[in-house]
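Down below is the structure, laid out as C-alpha cells.
Below, chain A is the first sequence line, B the second, and so on; all start at residue 1. Everything numeric here is computed off the predicted structure, so don't read it as measured data.
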Amino acid sequence: MHWADVLANELEEDREHVIATGITPSGPIHIGNMREVLTADAIYRAAIDRGLSAKLIYIADDFDQLRKVYPFLPREYERYVGMPLSEIPCPCGSHGSYADHFLESFLDSLKELGINPEVYRASKLYKEGRYNEFIQLALEKSDEIKRIIEDISKRDLPKNWLPFNIICENCKRLTTTQPLLYEYPTIEYRCRCGYEGEVDIRKGGVGKLPWRVDWPARWKMLKVTFEPFGKDHAAAGSSWDTGKVISEKIFGYPPPHHIVYEFIQLKGKGAMHSSKGTAISAEEMLKMTPPEVLRFLIMKNKPSKHIDFDPGLGLLDLVDEYDEEERVYFGVEEEKRGMKDLKRIYELSQPYKVPKKLPLQIPYRHLATIVQITKDWNGILEILRRTGQIGEHLDGEDEERLRRRIEHVTYWLERFAPDKIKFRLQDSLPDVDLRDEQKDFLKEYLNIVKSVDWNAESLHEGVYEASSRAGIDPKTGFRTMYQILLNKDHGPRLGYFLAMLGRDFVVNRLEEALKAV
RNA sequence: GGGCCUGUAGCUCAGCCAGGUAGAGCAUCUGGCUUUUAACCAGGUGGUCAUGGGUUCGAAUCCCAUCAGGCCCGCCA
C-alpha cells in the first residue's frame with residue numbers, strides 16, 4: 001500500500017480532518033518546503049479517496065520575526081531585524097509586505113502543482129484575535145508551561161519568562177522586550193530600545209506566542225488532525241515533544257497524527273541552506289521540472305527516505321522514469337518488478353485529473369536537443385513531424401503537455417544543464433579549417449544525403465559509408481559534421497540531429513562547406 | 001550527550017507497514033550491431049538481505065541488542 005494511504009488509514013472515520021502544512025516565509029522558499037506541502041497534499045487526497053471528510057490548510061508564519069539580514073537582502077534591512085515579517089516592507093516594492101513577497105509566488109507554484117489549500121496568515125490570526133483565548137490560557141498557566149518546556153527540552157528559561165513575546169509599541173520588535181508584570185488583561189514590559197509600556201492582550205496583534213506554544217495552540221484553534229513535519233521538530237526535547245504535552249495538558253486537545261519526513265538534499269552538495277547559497281528555490285525547481293514529475297519525485301519516495309535531487313543530468317533520468325511509469329500505467333509497456341505501487345504513485349503525481357489516455361511523450365533528452373535548434377513553436381512542430389514523432393494534428397491535451405515540457409526543459413538548459421549537452425546551431429557556416437580528406441568526406445556524404453531515405457538511422461549509417469569512401473576514420477567524419485554545423489567537435493547523436501534539421505538545410509550547409517576554401 | 005532515519009548484487013535502489021523459494025536499473029561477461037551529448041538488441045554472471053540473538057512450521061520483513069553511515073537537536077523543512 002502506498003504510504004499516503006497507510007497514513008490516511010490512521011485517521012478516524014467519525015471526525016472532520018484538517019491536514020495542516022506551512023512555513024515561515026523568511027526567504028525564498030526552498031524545495032524542502034515542497035516536500036512538506038506535497039506530503040500533506042498526498043495524505044489529504046488519500047483521506048478524500050477513503051471517503052473521509054477532510055481539508056488541506058496552509059499556515060504562513062508571517063508573524064515570526066526577521067532573524068537577521070540574509071545574504072540576499074540589502075544592508076538597510078538591519079533595521080527590521082526582530083520585527084514580524086508581515087510588518088516589514090517588501091524587498092521589491094510590489095508586494096504588500098516582506099512575507100508576501102516570498103509567499104505569493106510560492107502559492108502560485110502550488111497551484112501549478114495542483115495544491116489548493118485554505119491559506120491562513122499567522123499575522124491575521126493574531127490581529128483578528130483568533131489567538132486571544134489561547135494567549136490568555138497560556139499566560140494563566142505560565143508556570144506549568146515553563147515547567148514542561150524546561151523538563152522536556154532541558155533548557156532553562158529566564159526567571160520572569162512568560163509564554164508571550166510582546167511587540168514593542170515604539171520600535172516594533174518582538175525580540176527586545178521583557179515582560180515585567182502580568183495582570184489580566186495587561187502586561188507591563190520594558191524594551192531594550194528604552195521604551196516602557198503595557199499592552200492589553202485582549203487586543204489582537206500586540207505580541208506572539210513563542211513557537212513551542214504557538215504550534216499546539218493552532219492545532220486546537222484550527223482543529224488540526226494531521227500534520228507532517230521535518231525531523232528537526234522531531235528530535236528529542238524539541239518542539240514536537242513539548243508541543244504534544246502542551247496541547248494535551250494546557251489546551252486539552254489531542255495532538256495531531258503526524259509523519260516525520262526527511263530532508264531533500266542537492267545531489268553532491270549535501271543539505272541545502274539558503275544562507276550558504278546552496279539552496280534551490282521551490283520556484284526554480286518547479287520551473288525546471290514538469291509539475292507531474294516533481295510530484296512523482298515526492299510520491300515515489302517514502303517520507304522517511306532522504307531525497308537527493310540532481311538538477312543536472314539526473315533530472316533527465318527522473319523525467320524518463322516518470323514517462324516510463326506512465327507508459328506502464330496505460331498498458332503500453334510491461335510492468336517491471338521494481339515498480340512498486342505504480343498505479344497509485346502515478347495517480348498521486350497528477351496535479352489535476354488523471355489523463356484518460358497516454359499523453360504525448362517526447363523523450364526529454366530529445367526535447368533538450370530540439371529546443372536548442374529552434375525555440376519557435378512551429379519550428380519545433382515541424383521537426384517533430386519530420387521525424388515522425390507527431391502526426392499532422394495534435395489534440396489540445398497533447399499540445400499543452402508539449403508546450404509545458406518545452407518551457408521546463410528550456411529553463412533547465414539556461415540555468416542548470418551541464419555545458420557538455422549545450423550547443424548552438426550556427427546560422428551560417430562557421431569559420432573552420434577543413435583538411436582535404438574532410439572535404440572528400442563531405443562530398444561523399446553530400447551524395448548520400450541527397451538521395452537517402454530521410455531518417456535518423458540511414459543518415460547515421462551514411463556517415464560510416466562516406467567515411468570509408470573518403471578513406472577516413474568515421475570519428476573524423478562525425479567531427480567534421482559537428483564542425484560545420486555547431487563549430488564544436490561533439491554534438492547530439494548525428495542521425496537524429498540531421499533528421500531534425502531537414503534535408504534542405506543539411507544539403508545547403510554541405511554545399512557551402514565545400515565551396516569555402 | 002540525545003533523537004530519527006538508513007544499511008539488500010560492484011554501484012543506485014525496490015521489496016519490510018498485512019512473514020511464505022531474493023528483485024530492477026546501471027556496471028560486468030557472452031553473442032549481434034562498423035564508436036556519438038550516459039548507444040541499441042538478445043542472453044548470462046552476480047547477494048549467508050550490516051552483525052548477533054529472539055518469536056515463528058517458516059523472518060530481508062516482527063522483537064531485542066550491537067556495529068556502521070547520514071541528518072537533526074534556539075528559530076527554521
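The residue A/D64 sits apart from the nucleic acid: no heavy atom pair falls under 4.0 Å. A/Y482 comes within 4.0 angstrom of a nucleotide base, judged by non-hydrogen atoms across all strands. Backbone-only contact: A/L494 has heavy atoms under 4.0 Å from sugar-phosphate atoms and none from a base. At the heavy-atom level, A/D473 lies under 4.0 Å from base atoms of the strands shown. Across all strands shown, A/K305 has heavy atoms under 4.0 Å from sugar-phosphate atoms exclusively, and none from any base.
In this entry the distance linking NE2 of A/H460 with P of B/C33 reads 15 Å, nearest Å.
Nearer the 5' end of RNA chain B, as judged by each residue's closest nucleotide, is the contact made by A/R479, out of A/R479 and A/G237.
Residues A/K300 and A/E325 are not paired through a salt bridge, judged by the lack of any N-O separation under 4.0 Å between the basic side chain and the carboxylate. Salt bridge A/R365/A/D317: present, at least one basic N to carboxylate O contact under 4.0 Å. Remark: A/R344 engages A/E347 in a salt bridge, criterion side-chain N to carboxylate O under 4.0 Å. A salt bridge links A/R469 with A/E465; the closest basic N to acidic carboxylate O contact falls under 4.0 Å. With salt bridges taken as basic N to acidic carboxylate O contacts below 4.0 Å, none links A/R327 and A/D323.
In this structure, A/H258 and A/F229 have parallel ring planes: the angle between them is below the 30° cut-off, well short of the 60° mark.
The P atoms of B/A38 and B/U34 are separated by 23 Å, rounded to the nearest whole Å.
By the 6.0 Å contact criterion, NZ on A/K375 is enclosed, its count of non-hydrogen atoms from other residues, nucleotides or ligands being greater than 12.
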Intra- and interstrand pairs of RNA chain B - dot-bracket, Watson-Crick/G-U under 3.5 Å, | marks other strand: ((((((((.[[[[.)....(..]]]].(((((.......))))).....[[[[[..)....]]]]])))))))....
Below 3.5 Å between N/O atoms, which protein atoms pair up with nucleotides 39-41 of chain B? Just atom names and distances, please.
residue	atom	partner	partner atom	Å
B/A39	O2'	A/R493	NH1	2.9

Pairs: protein N or O with nucleotides 2-4 of chain B N or O, under 3.5 Å:
residue	atom	partner	partner atom	Å
B/G3	O2'	A/A234	O	3.4

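OP1 and OP2 of B/C16 both lie 4.0 Å or more from every side-chain N or O belonging to A/K302. The shortest distance between the side-chain N/O atoms of A/S304 and the OP1/OP2 oxygens of B/U6 is below 4.0 Å.
Checking B/C72, B/A38, B/U34 against every side-chain atom of A/Y464, the shortest atom distance belongs to B/U34. Checking B/U35, B/A77, B/A38 against every side-chain atom of A/R365, the shortest atom distance belongs to B/A38.
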